[in-house]
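Numbers here simply count residues along the sequence, with the first being 1.
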Amino acid sequence: MAKTLVLLIMFLVFIQSQAVLIQKTYDYEVKEANFTRLCQNKTILTVNGEFPGPTIYAHRGDTLVVNVKNRGNMGITIHWHGVKQPRYPWSDGPEFITQCPIQPGASFRQKIVLSDEEGTLWWHAHSDWSRATVHGLIVIWPKIGRPYPFPKPYAEYPIILGEWWWQDVEAVLLDFMKTGGDPNSSDALTINGQPGDFYPCSSSEITKFIVEHGKTYMFRMVNAAMNLLMFLAIGGHEITIVGTDAAYTKPLKSDYVVISPGQTIDLLLKADQPVGRYYIAAKPYNSQPLISFDNTTTTAIIEYKAYKNLSTPPVFPHLPKVNDTSASVNFTGRLRSLASRAHPIDVPMTITRNFLFTISINTLPCLNNTCLGPRGLRFAASVNNISFDSPKISILEAYYGRITGVYNDTFPNLPPFFFNFTSTNISSSLETPLNASEVKVLEYNDTVELVFQGTNLVAGIDHPMHLHGHSFYVVGWGFGNFNRSKNPLSYNLVDPPFQNTIAVPINGWIAIRFKANNPGVWFMHCHLERHLSWGMKMAFITRNGNGPRESLLPPPPDMPSCT
């Protein structure tokens, strides 16, 4: 009997040890597929023939493997947006930053290393404009046996906001990069790939969610649109925000949300209204009247179970005006970290590195002034007046392999020129940036305060800034020029939201703090795709600390070749 008990215990210990080694595996086949939207059939790039792509499910702290096979006709990379990938940037995905593209016919076994993320993230292509159709959710539940910090919802639903072009999106990219002008606007907005009731040939396929009266539902939302911040509201219902960017927030009741490209929001909806049908509606928020954009509205439907009167139109929500900057910043500015005993925060208090980064729209010379930007020039964009020039091999490969001549490590702490950044009368002589492949080097465990300063060069607009490999605390924000002696006095160092993407308001500033405890190369960029294409991007290199547990891990054997 005793021997049997010992054997049983040994078997259970073995099973438990093996469970740690088991990794959930997904197979992603990137391939063309046909879809019909807006009365027209179109071939788009997809994962597994799905649009949006498949959802990844995991628990906090899991390690996953995604076997990416490229069966498309162009090189591609996949980024796991908001996943910190501790010590393992090799699978992070941005083209020519941490890897070169997976070529047609090739494969790459990408490892996703989760750490403190809990909530909703997403994945998307990170090469050219292919993320328009190559994207999907990442759902990260609490560790097994751990509860949500709110009553468990009855069910969970995805809301993926996107854009749809009649034209091939790669053709949109090639056209505006060739002409130097603004890209063509999308022809429709989408919820879970469907435009909804207010577009041609779309009503029959509208996204629909069935709810039961009295039940509470979680909606996991991401803005996967290429170039638009979005307002979203639900007819007749108040919502409660409980998380953003895979970090919990203090419950925030609201009748609308604003969400930036790249950002995720978890919200709760209690089905407590009269049994009926209600629209979920989303439309753009655009603070710059000089640019063209897709000023349309996409819809989905919440339908109460057993509702019969389907001829009655759904209840439409109130949405802020398309240019309502106050509505945008008032929502974002009310987000607070949960900061509870079970979900503590750790805001850096002693700062070792202080940076001020200007983020600007710029212009570059154009042969015979024949481009479609201002005064016949070419549009560009910059961070600290440097428009990033992507190398032809990845910066991570060059850093790890000590290959010289690929990048410079002299990215400035401050902008090269100080002026009234948000003035309505800025000299056009300040518009021309430097083209360079510059990175900023951090020491392991540096504590960083970074102020993003928006400028009114060419035209001011909101900029959703995203940092790879880290989340950061948003400790302050405001309009106008950042004042180093006054503005930090009003920082929130008690419960600031913990995010990986934050919208810097038009002609304003945002202050973030983070700890550089993740060795490797980490991309930072605007998540408006046209600004990224114009050069509003840079990279951090965090050096190794002491010993192997504070050092960059070696690359996988199937890393895509750069030659």
Side-chain angles (χ1 to χ4, degrees), residues 23-24 26 28 47 50 52-66 68 77-86 88-89 91-94 98 110-126 131 134-143 146 148-149 153 156-162 192 218-226 230 232 241-249 257 259-267 335 337-338 343 345 464-474 497-503 512 514 518 522-525 527:
Q23 297 173 330
K24 193 170 185 179
Y26 290 85
Y28 274 21
V47 166
E50 301 176 28
T55 297
I56 287 175
Y57 296 95
H59 290 274
R60 178 174 175 148
D62 283 355
T63 295
L64 313 172
V65 170
V66 182
V68 180
T77 66
I78 304 290
H79 168 54
W80 319 99
H81 184 115
V83 178
K84 298 178 181 67
Q85 299 279 31
Y88 198 76
S91 285
D92 191 46
T98 61
Q110 294 190 247
K111 185 167 66 172
I112 305 171
V113 184
L114 299 174
S115 52
D116 64 352
E117 304 90 351
E118 190 172 321
T120 306
L121 294 174
W122 66 304
W123 58 267
H124 60 83
H126 215 308
R131 82 166 177 87
V134 179
H135 59 251
L137 282 185
I138 304 174
V139 173
I140 307 170
W141 294 306
K143 287 187 175 181
R146 297 288 181 91
Y148 289 126
E156 302 180 4
Y157 290 127
I159 295 180
I160 302 176
L161 303 177
N192 293 355
M218 176 188 281
F219 287 87
R220 297 179 178 271
M221 178 168 54
V222 61
N223 185 351
M226 299 290 279
M230 308 263 280
L232 179 141
I241 290 81
V242 292
T244 180
D245 290 353
Y248 294 118
T249 62
V257 302
I259 184 168
S260 302
Q263 187 183 11
T264 63
I265 290 178
D266 293 330
L267 60 89
L335 293 172
S337 282
L338 187 57
H343 299 279
I345 63 172
M465 300 302 295
H466 171 50
L467 176 60
H468 292 221
H470 306 76
S471 289
F472 47 74
Y473 294 99
V474 182
F498 194 47
Q499 299 178 251
N500 62 61
T501 305
I502 185 64
I512 67 171
F514 66 93
N518 194 5
W522 304 108
F523 200 27
M524 191 182 76
H525 60 92
H527 227 283

Hey, could you give me the [atom1]/[atom2] distance between [X] and [Y], rounded to the nearest 0.5 Å?
| X | Y | atom1 | atom2 | result |
| --- | --- | --- | --- | --- |
| Thr63 | Lys24 | OG1 | NZ | 13.5 Å |
| Leu137 | Trp123 | CG | CH2 | 9.5 Å |
| Asp245 | Leu335 | CG | CG | 9.5 Å |
| Met230 | Leu161 | CE | CG | 4.5 Å |
| Phe219 | Ile265 | CZ | CD1 | 14.0 Å |
| Asp116 | His343 | CG | NE2 | 11.5 Å |

Parallel under 30°, tilted from 30 to 60°, perpendicular over 60°: which one fits the rings of [X] and [Y]?
| X | Y | result |
| --- | --- | --- |
| His126 | His527 | perpendicular |
| His470 | Trp522 | perpendicular |
| His525 | His466 | perpendicular |
| His468 | His79 | parallel |
| Tyr26 | Tyr28 | perpendicular |

Would you say [X]'s side chain and [Y]'s backbone share a donor-acceptor pair under 3.5 angstrom?
| X | Y | answer |
| --- | --- | --- |
| Thr501 | Met465 | no |
| Asp92 | Gln85 | no |
| Arg220 | Gly119 | yes |
| Thr244 | Thr264 | yes |
| His124 | His81 | no |
| Ser91 | Lys111 | yes |
| Asn192 | Ile160 | yes |
| His59 | Pro142 | yes |
| Glu117 | Ser115 | yes |
| Arg131 | Ala224 | yes |

Mind listing the closest non-hydrogen atom pair of [X] and [Y] along with its distance?
| X | Y | value |
| --- | --- | --- |
| Trp122 | Gly262 | NE1-O, 3.0 Å |
| Thr98 | Pro89 | CB-O, 3.5 Å |
| Pro497 | Ser337 | CA-OG, 3.5 Å |
| Ala58 | Leu114 | CB-CD1, 3.6 Å |
| Asn518 | Gly469 | ND2-O, 3.0 Å |
| Thr77 | Gly93 | OG1-O, 2.7 Å |

Report yes if some heavy atom in the side chain of [X] is under 4.5 Å from a heavy atom in the side chain of [Y]; otherwise report no.
| X | Y | value |
| --- | --- | --- |
| Trp141 | Tyr148 | yes |
| Tyr473 | Ile345 | yes |
| Leu232 | Ile259 | no |

Step by step, would you call Leu121 with Asn500 a side chain to side chain contact (heavy atoms under 4.5 Å, CB included)? CA-CA 10 Å; Leu121 294 174; Asn500 62 61; 3.9 Å; yes

Verify side chain to side chain contact (heavy atoms under 4.5 Å, CB included) between Val66 and Ile56, making sure each step is shown before the conclusion. CA-CA 10 Å; Val66 182; Ile56 287 175; 4.1 Å; yes

Quick one, Ile241 with Thr249, criterion side chain to side chain contact (heavy atoms under 4.5 Å, CB included). Give me CA distance, side-chain angles, the key distance, then yes/no. CA-CA 7 Å; Ile241 290 81; Thr249 62; 3.9 Å; yes

From CA spacing to verdict: side chain to side chain contact (heavy atoms under 4.5 Å, CB included), His135, Val222: CA-CA 10 Å; His135 59 251; Val222 61; over 6 Å; no

